[in-house]
Participant: 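Handing you this structure, nothing more for now.
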Protein chains: 2
Amino acid sequence: MSNSGVVVPLNSKISCDKCGVKQSCLGRDLCACEPARLGEIKGPPRLYRRGDHLFRVGDSFESLYVIRSGAIKTYLISEDGAEQIIGFYGPGETIGFGAIANGQYRCNATALDTSSICKVSFEAVSRLCDRSPDTLRELIRGISAETVRLAEMILLLGKKTADQRVASFLLSQSGHQHERGYSATALTLSMSRTDIGRYLGLTVETVSRVLTRFQAQGALTKDRKQIRIRNLKTLRRIAGESGGDAFIEPTGRATLAS
Amino acid sequence: MSNSGVVVPLNSKISCDKCGVKQSCLGRDLCACEPARLGEIKGPPRLYRRGDHLFRVGDSFESLYVIRSGAIKTYLISEDGAEQIIGFYGPGETIGFGAIANGQYRCNATALDTSSICKVSFEAVSRLCDRSPDTLRELIRGISAETVRLAEMILLLGKKTADQRVASFLLSQSGHQHERGYSATALTLSMSRTDIGRYLGLTVETVSRVLTRFQAQGALTKDRKQIRIRNLKTLRRIAGESGGDAFIEPTGRATLAS
DNA sequence: CGACAGATTGAGAGACCTCAACCAGAGTGG
DNA sequence: CCACTCTGGTTGAGGTCTCTCAATCTGTCG
């Protein structure tokens, strides 16, 4: 796109050097290798507002998107109009991998919050890969990791109860926030209850009820999008993760410590 | 299938030239580029019997596996021991992508039938990628396509009814068989009802009941693993695919033609 | 303040699961 | 050849987890 920075209050001259997510950005070496053509291969971070779309199913594929800040969801729409969220993504993560295969984006991507996103030309990344094995390895590892995440999502949707799904989701959020240097127990969710449901294959009401029950059981406290985990071990046990003194009643629903 | 007509005693000298799936095999150019080291980078096809494992979760990653013939399933085991099948794979398909990210296989893979499989050293493929952009593109496209398939699976598990799941599954099988030059309506399933259930997030009983109902409705006839699709359009409508004169009752279950 | 979207809570319904019995075909061994 | 076993598939009855429908509540925004 343009380097002129009209749309965006962000400084178009922001250097990749100082970017907070550069260590996980596929474009980082592009800056070093082809600084003169930077504008061509990797636009300046653009700002998306809540609800803005990065791309939609069927859009022709040009770029991967690297998230500098904010939160993005990707989703599919079923024939009868229902929305299934495929993933929530945050700073440092890259989206758009599915489009590589056939030149079209295969899901929709929209901002959950105001987000700063770098568009990275896939053509440029490909070129870079020819010379930089590191970049190539990073790209392939990124897509590979995504397949693992999706497979685990399939396990969750295919086999887990509502309690397990919500607990797993919270633990996952906790992990991500922790990785990014935030508290592992004081979560600030960027998505609505509705979106949590659309992600976990549950209705809003079920999500709400489960959270309420978790709160009643002392596993967490909640206030809108602020979730404070009070008992990580309990959540782990409910989620069915090992390491949480896992104990699942043979008959079904996970039980809390008596 | 086999070039020589003999199923078992595979000749280690089998040439990639004559391989039936060479057009979709990542290793195909390895033969041409490094024929002298072929045995090192790409073993001869090995035969796996029903139930044999190609790899398990946690095994250290060395190779991708290209299916020459037969059928493979990949699966995960949940904390409480339930098996969720992630995918069924047939001739020409490559598995093991998830292991690239962190050097360990992240799912289990086992043969559903006697299968002929080529192990392709990932290290060798990587090396080849440095010189062959085509191979690289193929590798990346393969993984990318897998993320798309997994995302669609998530949509199925998160949003679809048992009827829709089974219908989608049958249509998918139909498509694959058709691609491979077989009938699109006379299906020979390589997996058990139990495995279909483990794939679709349903119990065996539900799968069985749905198939029985489809048969009663004239959409198909079944005999063990032989499924003959009698009305493709009806199946498409049930699956909720466009192009099948889609009509879904607002309240829920898809209806058949009256 | 009124309108509105998001979240919560309740009551009832339904799709799928669980438990259980029964059946069919493929081996196995006497 | 015929029990016998065993695995996989089908069918039935009943239970329940989650959904649907609906009402209420809360914080936000104009």
Participant: Is any NZ, NE, NH1 or NH2 atom of the basic residue among A:E83 and A:K73 found under 4.0 Å from an Asp or Glu carboxylate oxygen of the other?
Facilitator: yes

Participant: Of the nucleotides C:dC17, D:dT10, C:dT9, which one has an atom closest to the side chain of B:S208?
Facilitator: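 Output: D:dT10.
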
Participant: Quick check: do B:M153 and B:Y199 have side-chain heavy atoms less than 4.5 Å from each other?
Facilitator: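 A side-chain contact exists here, since the closest heavy-atom pair is under 4.5 Å.
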
Participant: So how far is it from A:L200 CG to A:I85 CD1, rounded to the nearest 0.5 Å?
Facilitator: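 The CD1 atom of A:I85 is 9.0 Å from CG of A:L200, to the nearest 0.5 Å.
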
Participant: Is any side-chain heavy atom of A:L235 less than 4.5 Å from a side-chain heavy atom of A:F214?
Facilitator: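 A:L235 vs A:F214: side chains touch.
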
Participant: For a quick check, with a 4.0 angstrom heavy-atom cut-off, what is the B/S/- contact string for nucleotides 25-30 of chain D, read 5' to 3'?
Facilitator: ------

Participant: Give the ring-plane orientation class for A:Y75 versus A:H53, where under 30° counts as parallel, over 60° as perpendicular and anything between as tilted.
Facilitator: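 Rings of A:Y75 and A:H53: perpendicular, as their planes differ by over 60°.
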
Participant: Taking the six-membered ring of A:Y48, is the NZ or CZ of A:R46 close enough (under 6.0 Å from the centre) and on axis enough (within 45°)?
Facilitator: yes

Participant: Specify the angle, to 10°, made by the local axes at the two ends of the helix from C:dC1-D:dG30 to C:dG30-D:dC1 when five pairs are taken at each end.
Facilitator: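 Here the local axes at opposite ends form an angle of 30°.
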
Participant: Among D:dG9, C:dT18, C:dG10, which nucleotide has an atom closest to any side-chain atom of B:S192?
Facilitator: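 Nucleotide nearest to B:S192's side chain: D:dG9.
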
Participant: Under 4.0 Å from OP1 or OP2 of C:dC16: is there any side-chain N or O of B:T206 that close?
Facilitator: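 Checking B:T206 against C:dC16: no side-chain N or O falls below 4.0 Å of OP1 or OP2.
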
Participant: Rounded to whole Å, how long is the line connecting atom NZ of B:K222 with atom C1' of D:dG9?
Facilitator: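 Going from NZ in B:K222 over to C1' in D:dG9 covers 8 Å.
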
Participant: Please check if the side chain of B:S63 supplies one atom and the backbone of B:Y65 the other of a donor-acceptor pair under 3.5 Å.
Facilitator: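 Looks like no, no N/O pair under 3.5 Å.
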
Participant: Could you tell me whether the side chain of B:R193 has a donor or acceptor atom within less than 3.5 Å of a complementary atom in the base of D:dT11?
Facilitator: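 There is none.
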
Participant: Let me know, please, whether A:E205 or A:A162 comes out on the 5' side of the other along DNA chain D by nearest nucleotide.
Facilitator: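 Result of the comparison: A:A162.
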
Participant: Got a salt bridge between B:R149 and B:E146, using NZ or NE/NH1/NH2 to carboxylate O under 4.0 Å?
Facilitator: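 Salt bridge flag = yes for B:E146 with B:R149.
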
Participant: Between D:dG8 atom P and B:R198 atom CZ, what is the distance in whole Å?
Facilitator: 9 Å

Participant: Considering every strand and a 4.0 Å limit on heavy-atom distances, what is the contact class for B:L202: base, sugar-phosphate, or nothing?
Facilitator: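 B:L202: backbone/sugar contact only, no base atoms under 4.0 Å.
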
Participant: Would you say the base of C:dG10 and the side-chain of A:R209 have a donor-acceptor pair closer than 3.5 Å?
Facilitator: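 Yes.
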
Participant: Closest nucleotide of DNA chain D for A:V207 versus for B:V207: which of these residues is on the 5' side?
Facilitator: B:V207

Participant: With a 4.0 Å limit, can you tell me whether B:R50 has a side-chain N or O closer than that to the phosphate oxygens OP1/OP2 of D:dG8?
Facilitator: yes

Participant: Does any part of the side chain of A:K222, heavy atoms only, come nearer than 4.5 Å to the side chain of A:T212, both counted from C-beta?
Facilitator: yes

Participant: Just N and O in the side chain of B:T194: are any of them under 4.0 Å from OP1 or OP2 of D:dG9?
Facilitator: yes

Participant: Between A:T212 and C:dT9, does any side-chain N or O lie under 4.0 Å from OP1 or OP2?
Facilitator: yes

